[in-house]
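All values below were derived from every heavy atom in this structure, side-chain atoms included, with hydrogens, water molecules and symmetry-related copies excluded.
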Amino acid sequence: MLSMGKDFCYRQRMAAKILRKILSSFITLLVLSLVVWALVRFLPADRAALIAGDTVVGPTGLVIEERGWLQWISDVIHLDLGTSTFGGESVSTLVWQRMGAASALMISSVIVALVIALVVTAVALISPSRFTRGIANSLSSLSMCLPSFVIAMALTCLFALHLGLLPSGGYVPPREDFIGFARSLVLPALSLGFTHSGLYIRALMQAYDRQLSKVYMLQARAEGEGRAALVLQHSWRAVLPELVTLVCQSVPTMLVSSAALESVFSYPGLGSLTVAAIARRDSATITALVLLGAVTGVITSTLADIVQGLCDRRHGHEDG
Amino acid sequence: MKMGRCLTWVVLALLLLFALSSFLTVEAASALHLDDRLLHPSMQHPFGTDSLGRDLSARCAGALLNSVICALSVTLSSTGLAMVIAFLGLYTKYLDGPLMRLCDAMKALPSTLLAVLMMVVMGPGLLSITAALAAVFTPQCARAIRGRARAVMKEGYVEASMAMGLGRAHVISHTVLPHCQGVMLTQALFIFSSSILAEAGLSFIGAGLPADVPSLGGILNEARGVMHQAWWMLFFPSMILLVLTWALHSASPAGLGSSWRRKDI
């Protein structure tokens with residue numbers, strides 16, 4: 001009876017917490033839309049380019065925003081994000097067309113980053129030595145200090161130009177040719193995954209180090225469990241929320257902010273849309289992408305919080 | 001450990017010297033020699049030449065100098081702005097909530113795209129890149145300084161100065177903020193190295209410095225077209241980027257600390 005009551009309380013508290021979280025992210029979204037609108041509306045625009053316009057640099061998409069915030073936000077909610085200069089197509093169609101390729105890249109890069117990070121951390125933790133720790137440290141520093149497009153170009157040089165194993169760019173839709181699709185995805189996913197894996201490795205190492213120094217780990221060790229069992233069996237549950245947060249943080253970045261990398265591989269994702277929009281100074285498209293990234297970010301961070309709450313039941317009791 | 005520290009500073013000093021050497025080689029960096037296109041590295045051209053016959057080492061030095069100037073102005077403006085925000089938030093309770101909401105909203109925006117949007121609206125140039133990157137880095141810096149400052153506010157000596165009748169503004173600016181030095185220094189180093197990477201990324205996709213100003217990202221973008229025949233165009237600028245950011249990270253007190261957020265494009 002008592003335990004049922006407790007459970008009920010827990011659920012209620014969880015529900016309240018989730019509701020509060022959703023409400024607060026809604027407010028963040030509102031403030032955020034105000035910021036974006038103000039940026040486009042009030043930043044000193046490059047008048048020279050506006051006046052020179054299509055006679056000097058070709059068609060430019062730079063428009064001075066004249067709608068008020070309420071009008072603008074209602075248009076945005078109705079997915080009316082304006083017209084791009086790419087043959088006058090609407091921005092939302094343009095973004096939608098590239099969603100498939102973009103999410104394929106995002107998903108495969110998350111997988112690559114996770115695999116690299118998990119393998120490296122597991123090796124460094126199960127057989128700890130200066131050598132394995134050193135490898136984990138330098139891999140993560142390397143991936144943090146090099147921009148993704150440098151890694152992308154280095155990989156292209158090696159695998160596409162010298163060895164000729166993989167295509168150096170382009171994209172094949174999976175419905176046409178699945179093998180070609182997979183082959184065109186390997187290099188972009190490897191480089192994007194590697195750039196994010198550094199962060200994963202560092203955070204995972206820290207989380208595991210915190211766990212492994214706890215008393216219950218010492219107890220397990222004293223009972224004769226090997227290091228592998230500690231890492232693989234006993235502490236992964238405690239590290240899982242950390243991992244979920246990391247992945248949720250990198251999803252929006254991978255989705256919209258891989259412009260340089262995609263332009264190296266001429267991959268038709270949202271990043272190369274950004275690059276094309278920069279060349280035409282098409283502010284409507286970039287605004288739409290900023291909003292898309294922000295909304296994805298808010299959704300994933302809300303999800304991460306909810307998952308964290310569900311993983312660790314103590315959270316519900318702590319602030320109650 | 002001490003050896004490593006020393007080495008880091010030596011590397012940073014060498015890079016600075018290399019950047020300053022660009023004042024001596026302005027001509028080599030811009031003079032076109034169409035006969036000398038894509039020459040291999042040699043004694044005369046230590047880094048080789050680019051696709052218009054310009055000396056790559058001179059261009060890299062100029063680009064490095066531009067990066068450093070850019071990163072310096074971003075660092076100064078964003079830490080300054082963050083200090084002002086933290087001060088205002090501590091001074092009046094009414095501003096604290098809205099300012100922090102604003103910072104959270106800015107942090108939730110995709111950072112690189114925010115910079116790209118501002119660059120597209122304002123046009124390329126040093127001033128716009130400083131504004132764009134400052135908008136990206138200020139929020140988290142303000143949050144960090146505010147967090148430390150709020151902890152300092154609870155200390156006994158702050159209470160003592162308040163009790164002595166010093167004004168709130170005076171106490172905050174003379175007692176509280178100076179105690180946040182450590183956080184500021186860490187943040188400044190982090191912003192400096194991240195803005196070097198961010199500037200390279202923005203210039204690479206054409207939303208950074210104008211095309212006629214040498215920048216590491218711009219050189220790498222040129223390298224993309226010729227990388228199958230000219231490895232040096234790719235190798236030297238990326239090595240400079242790697243060594244510089246690595247040295248900056250090992251120089252910072254927290255190392256590659258947990259405050260790291262991926263700012264790359």
Rounded to the nearest 0.5 Å, what's the gap from CD1 on A/I278 to CD1 on B/I205? Could you check?
3.5 Å
Heavy-atom distances under 4.5 Å only: say whether A/V264 touches chain B with side chain, backbone, both or neither.
both
Against chain B, work out which of A/T296, A/L142, A/L192 has the most heavy-atom pairs shorter than 4.5 Å and name it.
A/L142
Taking all non-hydrogen atoms of both residues into account, name the closest pair between B/S238 and A/L146 and its distance.
O-CD2, 4.1 Å
Neighbourhood of chain A inside residues 229-237 of chain B, taking heavy atoms under 4.5 Å as contact:
B/L234
Reported OG-to-CG distance for the pair A/S141 and B/L242, which is rounded to 0.5 angstrom:
9.5 Å
Which heavy-atom pair separates B/A200 from A/F149 by the least distance, and what is that distance?
O-CZ, 3.9 Å
Identify the heavy atoms of B/L114 and A/V290 that sit nearest to each other, and give their distance.
N-CG2, 4.2 Å
Could you check A/S263 against B/R224 for side-chain contact (heavy atoms from CB on, under 4.5 Å), going step by step and ending with a plain yes or no?
CA-CA 10 Å; A/S263 83; B/R224 184 155 54 116; 3.8 Å; yes
Chain B contact via A/T156 - side chain, backbone, both or neither, heavy atoms under 4.5 Å:
side chain
When the 4.5 angstrom heavy-atom criterion is applied to A/I27 and chain B, the contacting part is side chain
How close do B/T245 and A/C145 get, heavy atom to heavy atom, and via which atoms?
OG1-O, 3.2 Å
Non-hydrogen atoms of B/A108 and A/T28 that approach each other most closely:
CB-CG2, 4.4 Å
Looking at B/R150, I want to see if its CZ is surrounded by more than 12 non-hydrogen atoms of other residues, nucleotides or ligands under 6.0 Å.
no
Could you tell me which of B/L220, B/L241, B/V243 has the largest number of non-hydrogen atom pairs under 4.5 Å with chain A?
B/L220
Do the non-hydrogen side-chain atoms of B/S194 and A/M144 ever get within less than 4.5 Å of each other?
no
Report the distance from atom CG of A/L32 to atom CG of B/L109, rounding to the nearest 0.5 Å.
4.0 Å
Crowded around B/L127 CG? As in, over 12 foreign heavy atoms under 6.0 Å?
no
Heavy-atom cut-off 4.5 Å, strictly under: side chain, backbone, both or neither for A/L161 against chain B?
side chain
Where B/P110 and A/S257 come nearest, the two heavy atoms and their spacing
CB-OG, 4.1 Å
